[in-house]
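The analysis underlying the following values was restricted to heavy atoms, covering all of them including side chains, and did not include hydrogens, waters or symmetry mates. Counting starts at 1 for both ligands and their atoms, following the listed order. Residue numbers run from 1 in the order of the sequence given.
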Amino acid sequence: MKLRKYTRRQVLATTGAAAAALAAPTILRAQAPIVIKFSHVVATDTPKGKGADYFKKLAEERTKGRVKVEVYPNSTLYKDREEVEALQLGSVHMLAPSLAKFGPLGVREFELFDLPYIFDNYTELHGITEGPIGQALLKKLESKGITGLAYWDNGFKVMSANKPLKKPEDFKGVKMRIQSSKVLESQMRALGAIPQVMAFSEVYQALQTGVVDGTENPPSNLYTQKMHEVQKYVTLSDHGYLGYAVITNKKFWDGLPADVRTALEGAMKDATRYANEIAKKENDDALEAVRKSGKSQILTLTPEEKKAWKKVLVKVHRENEDRVGKDLIASIYKATGFDPNA
Ligand code: LMR
């Protein structure tokens, strides 16, 4: 075998490159951290707010300072719609929009989570989010430049207004703020209400000034936004679920050093467990705080009243078959045992 001869200059260049490669970890360590801007629209003292803060803690600890997570709560950086656009543009890196806010992005199937009464409890819901249906939905986001990382719970919604909402007839002509979901729009129309899409950050003021009469949200959002101070009645209707998909910019995520991404995936897994563990208690505590405040009267539905709500609202499933997907709805029924004719 013929050995190649190197000039002195070539040898020096090679050893120089090797030395630089050896020094690389030191240089990397000295580099500025990778900044992850995590924007959301709710208060810090909510399941999502706490989940985001916990993710920050784990991510920074486990990457030993190579990653810095900046959490921007309460729409301080972007409001509902803007935040998804900002994520696609790479101006923020992580969000956790409610599942009701993916329709305008063109992924309408997420609106299945808005179908009234389709989930009775968190266990049924987790059967979907943690199973193949939930994972296939997250995959659909990839064509939009988005990677879906996890599902985080909030809870089951109450209805609020300045008049008691006990029967479907009570909704007639009531202006109800909704999130940007066509399913929620049909839900309010089925009740005879007038739905009005509005960013979350604007709801308190809209309720206070009478731009809208009422709204729906889990108690943790109602309480932490002080909506109960401007709503005389809160109905414990549990008519629908509100939860989140934690999402990131795909290009950003794929471009992270592999070890950093693995550490962040682990941090997300543990933050998800934490967020989902605290969600129910956060909502129970918020409801108790609303009750104690004495500002809103809390109304419960009798079994007959609940039956009347269900009768009106389950029709919304069929009305939205084309939008959400007939087969998808059928597969949820199958998985949860929901009977639309019961
Ligand atoms: C809403 O807009 O009512 C909610 O989606 C806010 C949130 O993120 O929980």
| task | Considering only non-hydrogen protein atoms, determine which one is nearest to atom 1 (C) of ligand 1 and report residue, atom name and distance to 0.1 Å. | result | Phe200 CD1, 3.3 Å
| field | Protein contact to atom 5 (O) of ligand 1 [nearest heavy atom, distance to 0.1 Å] | value | Gln179 OE1, 2.6 Å
| query | What atoms of ligand 1 come within less than 4.0 Å of a heavy atom belonging to Lys48? | reply | 7 (C), 8 (O)
| For ligand 1, which part of Leu242 has a heavy atom less than 4.0 Å away: the side chain, the backbone, both, or neither? | side chain
| task | Tell me which part of Asn217 gets within contact of ligand 1: side chain, backbone, both or neither, using heavy atoms under 4.0 Å. | result | side chain
| Distance-only N or O hit between ligand 1 and Asn154, under 3.5 Å | no
| Phe156/Tyr122 aromatic ring centres below 6.0 Å | yes
| request: Return yes or no for this condition: an N or O of Asp80 is under 3.5 Å from an N or O of ligand 1. | output: no
| field | Test item: side-chain donor near acceptor, Asn162 and Asp213, under 3.5 Å | value | no
| request: Taking the side chain as every heavy atom from C-beta outward, state whether His239 and Tyr117 have any atom pair closer than 4.5 Å. | output: yes
| query | Is it true that Lys281 and Asp285 make a salt bridge, defined as a side-chain N closer than 4.0 Å to a carboxylate O? | reply | yes
| note | Here the atoms of ligand 1 under 4.0 Å from any heavy atom belonging to Lys101 are 1 (C), 2 (O), 4 (C), 5 (O), 6 (C)
| field | Heavy-atom pair with the smallest gap, counting every atom of Ala190 and Val312 | value | O-CG1, 3.2 Å
| field | Atoms in ligand 1 with a heavy atom of Ser98 nearer than 4.0 Å | value | 5 (O)
| Arg177 near ligand 1, heavy-atom distance under 4.0 Å? | yes
| query | Hey, what's the ring geometry for Trp309 with Phe171, parallel, tilted or perpendicular (30° and 60° as the breaks)? | reply | perpendicular
| said: Between ligand 1 and His40, can you find any atom pair, the residue atom being a heavy atom, that is separated by under 4.0 Å? | reply: no
| task | Starting from atom 7 (C) of ligand 1, locate the nearest protein heavy atom and write down its residue, its atom name and how far away it is, to 0.1 Å. | result | Val42 CG1, 3.3 Å
| request: Report the nearest protein non-hydrogen atom to atom 9 (O) of ligand 1: residue, atom name, distance rounded to 0.1 Å. | output: Tyr244 OH, 2.5 Å
| note | Closest non-hydrogen atoms of Met227 and Thr215, given as atom of the first, atom of the second and distance, are SD-CG2, 3.9 Å
| message | Side chains of His317 and Tyr333: any donor to acceptor distance under 3.5 Å? | response | yes
| message | Tell me whether ligand 1 is touched by Thr215 - counting only heavy atoms on the residue side and a distance under 4.0 Å. | response | no
| Asp153-Tyr241 side chain donor-acceptor pair, cut-off 3.5 Å | yes
